[in-house]
Amino acid sequence: MNIFKHRRPHFWRNIIIRVALVTVTVALIVWFLPKNSGPQFQYEAGKPWVYGPFIAKFDFPIYKTEAAIKAEKDSILNRFEPYYNFNESVGQEAIKQFLHDFAEGIAGTPPNTVAVIAQDLTQIYKAGVMNTHEYSKNFKDTTHMVRLVVGKTAQSIGASNIYSEMSAYEYLFIDSRLLPYRQVLQRCNLNKYVVPNIIYDSQRSETERIDMLSTVTVASGMVISGQKIIDRGEIVDDNDVLVLNSFEREMQRRQAGKEEISTTILGQILYVTIFVAIFTLYLGLFRKDYFNNARSITMAYSLITLFPIIVSLMVRHNIFNVYVLPLAITPMFIRVFLDSRTAFITHLTTVLISAVALKYQYEFIIIEVVAGLVAIYSLRELTQRAQVLRVALYVALSMYAVFLAMQMIQENAIDNIDTGMMKYFAFNGVMLLFAYPLMYVIEKVFGFTSAVTLVELSNTSKELLRRLSEVAPGTFQHSITVSNLAAQIADRIGAKAQLVRTGALYHDIGKMTNPVFFTENQASGVNPLDKMSCTEAAQVIMSHVTEGLKLAEQDNLPREIKDFISTHHGEGKTKYFYITYKNEHPDEEIDEMLFTYPGPNPFTREQAILMMADSVEAASHSLSEYTEENITQLVNNIIDGQTAEGFFHDCPITFHDIFMAKQVLIERLKAIYHTRIVYPEAKK
């Protein structure tokens, strides 16, 4: 077989590309994995400790919770008194400016008004003026105080001892001597001369604040090396949670050195590499067609990389619960575009790699593996929205059922079972519903063709097929018959029936360019090819392949459908014109390429099925009598001839598949061309 002949020059390049893909996958996953190490436990207050006796191996402090530390700091800050400096020169300058501006008095007021206001300003500045905003912030209630620094002394004062800018301005109009002239004085813009002379001392205040907060300790006790923290079966209380959290925190602090981090990273690299290598080995040994297909391995490795990264980010940043992440979407996509076995291996690899980022690995692995299996079992081909809804429901229920079973095994009473996890599993099911629209993204990014797309393309009301039925009705009917025959063969041998059905509908669309040159479209019985030379006629007949590819390109048909157009004749010959020309020119050396289709030969089982069904259906119209013997002989001669000429050397179809294809074609042609009973005429 020559399937590898054209690949050998690129052998090392393919190896390098795949090694690079594995390396990038491992590097990306390890880069995002949490870098914490040491014992990792799953525990919760009010639940029993399911591990063995836990004894401290070193001394470590019992760290307070963030909430407790914050409460202590808030309590201290309630007693904090910010520092303010008293500046005498500010008041003096303001009063001096006031006397200068109103040296000639204030019109409409007695001559002593300016002196009265100056006296009031002196009293105000002697007590002190603070910025209104700072005044409101510092004196939210009567218990709050500030430290006022006058010279070298500092004293605590309250809101009643000083003025804000607003209260100082209002004080001017409280004076009974000025009250009758309030309206006149309001036009004098006196607030211009009320400015703060109590200034915030940020440096001294911040130093004091830091000193006070430094008295808050982060620990509330110590655990001594050798001390038993908790034993199996004991109920975890709030203090145990505090101690266990402190232990993990201390482990992270102790392992923050370069050597410990390097060891953790090396372990993660080894762990991830093992599973990615096993997955790669599986593809290389059992799924070489995928391994040699850049689209297939790129999609698989992308999914294997994506979900562990998302799990790692959720764990590192404490985002929701990891069970809301629809990991079952991976086997769904792999099942639809590749196969069930590869879907399970891909899902298992993804789950095992993701588990290294979690504390509760055992539970996570069991639940997610079951979810993936249910998704694979309940989904064969994604062709309807209802299928996604059913899969999402089954996956959510199976996840909760497994979680419930594990809880019942671990808990002593049913009342202790955690029912709150149901919301996460339900959300997981909702997220799985996005598999339907995401399938379109997968198709476009990786160049796959889903069953949904194939079903849409097989609709005969599609523009291209509708034009075929109008322009070349005979070819259209031929395509319909071939698609039914090919789909039945595919069902019988376990091939992709929807793919070959859709490919068969489009395989002869190139005949729309010159429909009259093909016998199935010649209603009058006149064949234009009779007036042409054999070489010209052969070129016209063969052109329907290249013309079909042009139409497929214009209509943006998937690559899989284009392959059916180019391979349904393979590298065969237009035998009628080739043999005729050969008989007419017995002594001439014939250029066989003039009579040979461009090809290539079929390289998938579905393409081989279409070639057999197309040739047999077309040839069946030439039979003069449709007996079982004639039909059987026709089918055997055509398919045996294709096999002998090597049309199927490049595709993975077996002799058993070919035998079953013959049986289906014979059965269906006998049903199509069955002989009807001749009804007797009544005697007169």
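Since the model is a prediction, treat every value here as computed from it, not as a measurement.
In this structure the side chain of Ser620 never reaches within 4.5 angstrom of the side chain of Val635, judged on heavy atoms. At least one side-chain heavy atom of Asp289 sits less than 4.5 Å from a side-chain heavy atom of Arg287. Using a 4.5 Å heavy-atom threshold, the side chains of Met611 and His569 count as separate. Side-chain atoms of Met439 and Phe448, non-hydrogen and from C-beta on, never get closer than 4.5 Å to each other. Phe647 is not listed as a side-chain neighbour of Met612, based on a closest heavy-atom distance of 4.5 Å or more. No side-chain heavy atom of Asn630 sits under 4.5 Å from any side-chain heavy atom of Tyr626. Within the 4.5 Å cutoff, the side chain of Tyr301 has heavy atoms near those of the Phe279 side chain. Looking at heavy atoms from C-beta onward, Leu610 lies out of side-chain contact with Gln607 at the 4.5 angstrom threshold.
In terms of modelled atom types and a separation under 3.5 Å, the side chain of Thr342 and the main chain of Leu338 share no donor-acceptor contact.
In terms of heavy atoms, Ile509 sits closest to Ile565 at CD1-CD1, 4.0 Å. Closest heavy-atom contact between Pro331 and His347: CD-ND1, 3.4 Å. Contact detail for Val26 and Thr273: the closest heavy-atom pair is CG1-OG1, 3.4 Å. Closest approach of Ala375 to Met332, counting heavy atoms only: CB-CG, 3.9 Å. The two residues Leu505 and Leu465 come nearest to each other via the heavy atoms O-CD2, 3.5 Å. When all heavy atoms of Pro326 and Met431 are compared, the closest pair comes out as CG-CB, 3.6 Å.
Between Lys511 and Glu520, at least one side-chain nitrogen of the basic residue sits less than 4.0 Å from a carboxylate oxygen of the acidic one, meeting the salt-bridge criterion. Comment: Asp657 does not engage Arg492 in a salt bridge, judged by the lack of any side-chain N to carboxylate O separation of less than 4.0 angstrom. Between Glu470 and Arg467 no salt bridge is recorded (no basic side-chain N to carboxylate O distance below 4.0 Å). Ion pairing between Glu645 and Lys575 holds under the 4.0 Å rule for side-chain N and carboxylate O. A salt bridge is absent between Arg335 and Asp339: the closest approach of a Lys/Arg side-chain nitrogen to an acidic carboxylate oxygen does not fall below 4.0 angstrom. The residues Glu536 and Lys531 are annotated as not salt-bridged, no charged nitrogen and carboxylate oxygen being separated by less than 4.0 angstrom.
In this structure Phe344 satisfies the ring pair (Phe, Tyr, Trp, His ring centres under 6.0 Å) test with no other residue, sequence neighbours excluded. Legend: residues meeting ring pair (Phe, Tyr, Trp, His ring centres under 6.0 Å) with Tyr581, ordered by chain and number and at least two apart, are His585, Phe595. Every residue meeting the side chain to side chain contact (heavy atoms under 4.5 Å, CB included) condition with Glu628, not counting sequence neighbours, appears here in chain and number order: Thr632, Lys670. Under the rule for a ring pair (Phe, Tyr, Trp, His ring centres under 6.0 Å), Phe564 has no partner lying at least two apart in sequence or in another chain. Legend: residues meeting ring pair (Phe, Tyr, Trp, His ring centres under 6.0 Å) with Phe518, ordered by chain and number and at least two apart, are His544.
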Original post:
Do Phe307 and Thr330 pass the side-chain contact (heavy atoms from CB on, under 4.5 Å) test, and can you show the C-alpha distance, the side-chain angles, and the key distance before you say yes or no?
Top reply: CA-CA 9 Å; Phe307 284 101; Thr330 295; 3.0 Å; yes

**OP:** Could you walk me through whether His507 and His478 pass the ring pair (Phe, Tyr, Trp, His ring centres under 6.0 Å) test, one step at a time?
**Re:** CA-CA 10 Å; His507 79 285; His478 162 73; 5.5 Å; yes

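More than 12 heavy atoms of other residues, nucleotides or ligands lie within 6.0 Å of CZ in Arg295, so this atom counts as buried by the packing criterion.
Inspection of the Thr596 and Tyr578 side chains reveals no N or O donor paired with an N or O acceptor under 3.5 Å.
For residues 446-458, no pair satisfies salt bridge (charged side-chain N to carboxylate O under 4.0 Å, His left out), with sequence neighbours left out.
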